[in-house]
Amino acid sequence: MRKLFFISSNLVVTAQHVLNSNTFRPNVGFSKCQVWLIAQPNIIIEIKLKDIIEHSEIDTTLIQFSKSFPIKVRNSSLNNVDSGHECYNEGFTGGQMPNMKVSWGPNGLIISSCSDNKIIANGHGQIKQKCIMTVNATDIKMTNVIGYATSYGGVVGMSGGPLICKQTDEILGLMSMGLPADNPIKDSLFAVSIQEINNRIKNWW
């Protein structure tokens with residue numbers, strides 16, 4: 001279970017190291033793999049490989065659907081924020097699954113309802129600093145990407161969720177990575193600026 005967020009009624013953002021083309025490959029011994037977007041209140045959508053556009057250079061995957069969904073969409077911040085700016089993020093505890101009601105249909109698994117309240121892992125604090133991120137990890141590779149470091153830590157599972165301005169409730173960025181890399185408990189978190197993402201979307205259109 002990993003986090004994502006809508007930036008329009010039919011366009012979703014998450015981290016590329018969380019959702020990419022490899023996500024759709026079946027595990028050994030299986031012939032099929034299904035990937036789902038689950039959002040409250042009770043929006044359940046199967047994601048197909050054709051729906052995603054990867055921007056690995058900013059650790060971002062866009063998911064575009066052919067129809068719109070009735071869900072709250074936060075505005076993207078157009079302003080630069082400095083150290084000390086109050087913020088929070090939304091995420092999940094990695095490795096945990098929500099409570100789901102499922103059944104099997106002729107084309108695979110069907111999820112009819114879902115509740116994720118027991119696995120939510122949100123954080124809050126301040127922007128520690130605006131930074132230029134260069135990362136050369138196994139699953140994340142970025143060079144000179146504008147982002148934010150937070151004053152607080154978190155856990156595995158927060159990647160892909162939004163970093164949000166506490167004052168305006170606007171999206172500041174996409175939660176990407178945390179340090180130390182090899183520890184499930186992170187002392188510091190880093191987000192890709194939403195402006196980096198919006199620049200890619202403008203070029204894509």
Side-chain angles (χ1 to χ4, degrees), residues 1-27 30-78 89-92 94 96-117 119-120 139-140 142 145 157-164 169-176 191-205:
M1 187 79 175
R2 292 299 179 95
K3 191 67 178 179
L4 41 70
F5 57 97
F6 282 79
I7 56 173
S8 74
S9 58
N10 70 335
L11 187 61
V12 179
V13 176
T14 191
Q16 192 266 346
H17 77 270
V18 167
L19 179 66
N20 52 67
S21 58
N22 290 331
T23 310
F24 295 84
R25 294 179 180 175
N27 291 334
F30 292 84
S31 61
K32 187 173 183 177
C33 174
Q34 290 177 274
V35 180
W36 300 87
L37 181 158
I38 298 173
Q40 301 298 332
N42 212 35
I43 294 175
I44 301 170
I45 314 159
E46 185 173 1
I47 303 172
K48 302 293 187 180
L49 179 59
K50 64 178 178 60
D51 298 327
I52 72 169
I53 303 98
E54 298 180 52
H55 290 283
S56 60
E57 76 280 4
I58 55 169
D59 190 29
T60 298
T61 293
L62 303 173
I63 311 165
Q64 186 183 33
F65 297 109
S66 58
K67 60 178 286 187
S68 297
F69 296 92
I71 192 167
K72 174 185 176 182
V73 178
R74 292 185 174 96
N75 293 325
S76 296
S77 175
L78 301 177
N89 74 284
E90 298 175 342
F92 293 120
Q96 303 295 314
M97 292 294 291
N99 293 322
M100 296 185 293
K101 183 177 180 180
V102 302
S103 59
W104 287 103
N107 297 314
L109 187 70
I110 299 171
I111 302 175
S112 54
S113 66
C114 176
S115 174
D116 57 19
N117 293 334
I119 60 172
I120 290 174
D139 56 347
I140 303 174
M142 298 188 287
V145 174
M158 288 182 166
S159 296
L163 179 67
I164 304 161
D169 206 41
E170 293 177 331
I171 297 171
L172 301 174
L174 164 76
M175 303 307 297
S176 175
V192 175
S193 168
I194 192 64
Q195 295 176 30
E196 290 271 21
I197 297 169
N198 284 337
N199 287 340
R200 299 318 193 275
I201 292 172
K202 290 176 184 176
N203 292 334
W204 174 41
W205 291 117

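Note that the numbering runs from 1 along the sequence shown for the chain. Here the structure is a predicted model, which means the values were calculated and not measured. The analysis underlying the following values was restricted to heavy atoms, covering all of them including side chains, and did not include hydrogens, waters or symmetry mates.
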Among all residues two or more places apart in sequence or in another chain, which pass the side-chain contact (heavy atoms from CB on, under 4.5 Å) test with [X]?
X    : value
P106 : none
N75  : E170
S9   : S68
K32  : Q34, N107

Heavy-atom distance under 4.5 Å between the side chains of [X] and [Y], does that happen here?
X    : Y    : result
S21  : L49  : yes
I44  : W36  : yes
E46  : V35  : no
P162 : M175 : no

Return the set of residues passing side chain to side chain donor-acceptor pair (under 3.5 Å) with [X] (not counting sequence neighbours), or none when no residue passes.
X    : value
E54  : Q16
T23  : none
S176 : D59

Please identify each residue that fulfils salt bridge (Lys or Arg N to Asp or Glu O under 4.0 Å) with E196, with sequence neighbours left out. R200
For D139, which residues count as a salt bridge (Lys or Arg N to Asp or Glu O under 4.0 Å) partner, sequence neighbours excluded? none
Within residues 62-78 or reaching into it, pairs that qualify as salt bridge (charged side-chain N to carboxylate O under 4.0 Å, His left out) - sequence neighbours excluded: K72-D169, R74-E90, R74-D169
Which atom of [X] lies closest to which atom of [Y], heavy atoms considered:
X    : Y    : value
L174 : G160 : CD1-O, 3.3 Å
I43  : P70  : CD1-O, 3.9 Å
F24  : I47  : CE2-O, 3.3 Å
R25  : N22  : CZ-OD1, 3.0 Å

Hey, could you give me the [atom1]/[atom2] distance between [X] and [Y], rounded to the nearest 0.5 Å?
X   : Y    : atom1 : atom2 : result
I63 : L37  : CD1   : CG    : 5.5 Å
S66 : D51  : OG    : CG    : 7.5 Å
L4  : I7   : CG    : CD1   : 11.5 Å
S56 : I140 : OG    : CD1   : 11.0 Å
S76 : I171 : OG    : CD1   : 5.0 Å
T14 : L62  : OG1   : CG    : 10.0 Å

Distance-only, no hydrogens or angles: does the N199 side chain make a donor-acceptor pair with backbone N or O of Q195 under 3.5 Å? yes
As a test of understanding, state which of I194, T61, T60 forms a side chain to side chain contact (heavy atoms under 4.5 Å, CB included) with V13. T60
Between N89 and I164, does a side-chain contact (heavy atoms from CB on, under 4.5 Å) hold up when you go through it step by step? CA-CA 6 Å; N89 74 284; I164 304 161; over 6 Å; no
Output all residues satisfying ring pair (Phe, Tyr, Trp, His ring centres under 6.0 Å) with F69, sequence neighbours left out; order by chain, then residue number. F65
